[in-house]
There are 2 protein chains.
Amino acid sequence: MILTVTLNTALDLTYRVPRLDVHGSHQVREVVQRPGGKGLNVARVLAALGHRTVVTGFAGGLTGSELRELLARERNIEDELVTTAGSTRRTVGVVDESGGGSTQFNEPGPHISPEEWSAFQEVYARLLENGGSSGSGDGGAPEAVALCGSLPPGVPVGAYAQLTKEAHAAGVPVVLDTSGEPLRRGLAARPDLVKPNAEELAGITGTAEPLHAARAAQRRGARSVAASLGPEGMLLVTPDGMWQAGPPRSLTGNPTGAGDSAVAGLLAGLVEGVPWPEMLARAVALSAATVRAPTAGEFDEGLHADLLSQVTVEESSEPAPG
Amino acid sequence: MILTVTLNTALDLTYRVPRLDVHGSHQVREVVQRPGGKGLNVARVLAALGHRTVVTGFAGGLTGSELRELLARERNIEDELVTTAGSTRRTVGVVDESGGGSTQFNEPGPHISPEEWSAFQEVYARLLENGGSSGSGDGGAPEAVALCGSLPPGVPVGAYAQLTKEAHAAGVPVVLDTSGEPLRRGLAARPDLVKPNAEELAGITGTAEPLHAARAAQRRGARSVAASLGPEGMLLVTPDGMWQAGPPRSLTGNPTGAGDSAVAGLLAGLVEGVPWPEMLARAVALSAATVRAPTAGEFDEGLHADLLSQVTVEESSEPAPG
């Protein structure tokens with residue numbers, strides 16, 4: 001079982017409009033709604049890859065109920081979300097059918113009270129110990145934990161550092177996918193893998209060159225760093241070596257959720273114990289197959305299988321010239 | 001009591017963003033959610049003017065529940081909505097704080113089943129007879145009915161004609177605010193007042209000149225026509241004469257809901273039996289005060305009082321040169 005944590009879950013709405021006109025009025029052609037927030041997207045991809053996944057974090061209000069109803073329809077995902085008084089935020093992604101591209105609006109998350117944060121910590125401790133309450137799994141500790149996304153107001157900024165330490169105390173490896181101060185603080189707790197994009201990495205290390213920045217993140221505590229480079233693929237820096245991989249061809253589409261699919265690929269590789277280069281290839285193929293899928297956060301399974309055999313992984317021995 | 005009918009209700013979300021960037025990602029600063037759909041907006045303004053209002057139409061799903069929770073907090077509005085299996089649509093209005101102006105996204109409405117349409121007709125007939133079930137009113141027929149907005153899929157296109165006839169059979173005057181084919185069909189049932197904007201009027205009469213178009217709408221069945229002319233105000237064509245009125249000065253702001261406030265002003269004037277020119281002045285002042293309010297569908301009460309004394313109503317005796 002893999003555990004994903006999403007403290008700032010969202011009800012994700014995707015609107016398709018024939019053409020986006022600023023200050024215009026649009027009749028939305030089609031509405032797709034999904035349980036969202038990075039950790040829930042990661043769980044959906046893991047579930048599609050055949051991994052049983054437990055999700056925790058917060059959900060509340062009627063948007064939270066809607067999110068949980070949708071989540072209950074997903075196979076292989078177990079809901080261990082903690083109920084909050086505040087309402088789960090929505091995100092709205094407007095897909096412009098005339099020119100491609102998506103315009104995104106993210107509501108602010110609800111305020112989490114100290115009591116709700118305590119309730120979450122209890123659930124998290126229990127899941128680290130026995131892997132969920134439903135009895136559908138083996139009852140053991142998770143094979144890995146993914147800590148994903150932004151922190152809603154009220155959650156301490158050092159939350160991910162604390163959750164990382166607790167997972168390690170339970171012998172569970174941690175993948176951390178966040179940005180800004182929560183990432184900076186989280187690094188100090190020595191997560192096994194962090195997956196920032198180049199911009200997030202530059203934000204905490206002060207250097208825009210990905211390899212230098214990844215090295216800097218390692219010095220700050222990350223054991224390994226998978227830096228996503230957008231359409232150019234991904235750089236993986238580990239204690240055992242460095243690799244870079246890109247999709248075999250440039251793929252256009254909707255990049256929403258591509259980073260979450262990459263995290264799912266890395267997690268699946270981690271728990272299956274595959275070598276680093278194969279883990280990287282999986283992450284890049286899944287990410288590219290997500291860009292091409294019509295709905296944000298889904299991936300094109302046929303394309304994924306194709307791409308997996310085509311991704312070229314190159315080993316690097318020296319830092320690229322800065 | 002005034003009855004407003006909203007067959008295609010909506011949960012209206014207003015998002016404020018610092019600046020709208022096409023294909024960008026926006027952290028929404030503030031989210032305001034309100035019960036929406038034209039008839040619910042009209043009811044809110046009527047309630048603020050001191051008129052007890054009953055609302056009917058459809059609401060369903062979790063968005064419908066959210067709408068009804070919000071509606072329950074409004075004073076002077078009684079909820080007689082009929083529950084549907086399908087979910088009430090949302091609308092999202094994105095207000096660009098850098099340059100003013102709003103970009104609107106409207107989800108499609110849920111499909112209404114024949115059974116749900118029958119259930120609505122029973123509620124409507126009961127409300128025409130006794131004015132509501134809660135016992136908070138006088139139990140008599142409504143003083144007026146407003147039929148507002150678009151028809152969701154599954155509702156017959158001649159719905160407003162039928163509802164107009166039933167109201168008239170119960171001795172209740174009808175204000176109709178819709179567009180396209182539902183308006184065209186509705187006109188034939190001889191509503192007491194219709195409130196199209198210039199574009200909607202042109203759409204059904206084939207003439208873009210407002211006075212000619214209003215006359216054409218009268219020939220098709222409307223007793224009186226209040227044609228909204230955007231920032232220039234409103235033209236009122238009645239069996240007793242014609243008047244035009246505009247705000248005393250040009251007002252910029254958010255025009256969302258301005259038309260609904262005008263309908264509320266017309267309805268209030270109608271049931272209070274005020275002369276036509278005063279009714280028109282009220283509609284124009286309310287509409288302008290709504291444009292200036294920070295939240296769509298609310299009006300600035302102080303400004304409304306000011307404007308009411310400043311609106312100039314001019315009587316017309318001849319068609320303006322086309």
Side-chain angles (χ1 to χ4, degrees), chain A residues 8 10-11 13-33 61-70 86-96 98-110 150 153 179-180 197 199 252 254-256 259 296, chain B residues 8 10-11 13-33 61-70 86-96 98-110 150 153 179-180 197 199 252 254-256 259 296:
Chain A
N8 210 1
L11 181 65
L13 309 177
T14 305
Y15 289 174
R16 299 189 81 82
V17 300
R19 187 193 174 82
L20 179 59
D21 295 317
V22 172
H23 300 173
S25 182
H26 305 78
Q27 191 59 49
V28 175
R29 259 200 231 276
E30 191 197 32
V31 181
V32 177
Q33 48 185 27
L62 288 166
T63 41
S65 302
E66 204 148 3
L67 180 151
R68 296 178 86 158
E69 272 190 17
L70 293 166
S87 284
T88 296
R89 69 198 174 115
R90 302 178 197 85
T91 73
V92 177
V94 180
V95 177
D96 181 339
S98 73
S102 168
T103 307
Q104 190 71 27
F105 302 98
N106 300 327
E107 295 185 3
S150 58
S179 59
N197 61 33
E199 197 183 334
T252 56
N254 186 348
T256 310
Chain B
N8 209 3
L11 181 65
L13 308 178
T14 305
Y15 288 173
R16 300 189 81 81
V17 298
R19 185 194 177 83
L20 179 58
D21 294 318
V22 173
H23 300 175
S25 182
H26 305 77
Q27 191 57 48
V28 174
R29 257 200 231 276
E30 189 198 35
V31 181
V32 177
Q33 47 185 27
L62 288 168
T63 41
S65 302
E66 204 149 4
L67 181 150
R68 296 176 86 159
E69 271 190 17
L70 293 167
S87 284
T88 296
R89 68 197 174 116
R90 302 178 197 86
T91 73
V92 176
V94 180
V95 177
D96 181 340
S98 74
S102 167
T103 307
Q104 189 72 25
F105 301 97
N106 300 325
E107 295 186 5
S150 58
S179 60
N197 62 33
E199 196 184 335
T252 56
N254 186 349
T256 310

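Chain letters run A, B, ... following the sequence lines, proteins first and then strands; every chain starts at 1. Just the heavy atoms: all of them, side chains too, but no hydrogens, waters or symmetry mates, feed the values below. Every value quoted in this text rests on a predicted model; they were computed, and no experiment measured them.
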Worksheet item: If every non-hydrogen atom of Pro108(A) is compared with every non-hydrogen atom of Val31(B), which pair is closest and at what distance?
Response: CD-CG2, 3.9 Å
Worksheet entry | Proximal component of Glu30(B), with respect to chain A [non-hydrogen, under 4.5 Å] | neither
Worksheet, complete the sentence: One option among Leu13(A), Asp21(A), Val17(A) has the most heavy-atom pairs under 4.5 Å with chain B, and it is Leu13(A)
Worksheet item: Heavy-atom distance under 4.5 Å to chain A: side chain of Val22(B), backbone, both or neither?
Response: both
Fill in: Val92(A) portion near chain B, given a 4.5 angstrom heavy-atom threshold
side chain
Item to complete: Taking His26(B) for its side chain and Gln104(A) for its backbone only, find out whether a donor-acceptor pair lies under 3.5 Å.
Response: yes
Practice prompt. Output the distance between atom CD (Gln33(B)) and atom OG1 (Thr63(A)), rounded to the nearest 0.5 Å.
Written response: 7.5 Å
Discussion item. Under 4.5 Å from any heavy atom of chain A, what part of Leu20(B) do you find: side chain, backbone, both or neither?
Written reply: side chain
Worksheet, complete the sentence: Closest non-hydrogen atoms of Leu62(A) and Leu62(B), given as atom of the first, atom of the second and distance, are CD2-CD2, 3.8 Å
Item to complete: Mind telling me whether Phe105(A) and Phe105(B) have parallel, tilted or perpendicular rings, with 30° and 60° as the class edges?
Response: tilted
Worksheet item: Under a 4.5 Å heavy-atom cutoff, which of Arg89(B), Gln27(B), Glu66(B), Glu107(B) has the most pairs with chain A?
Response: Glu107(B)
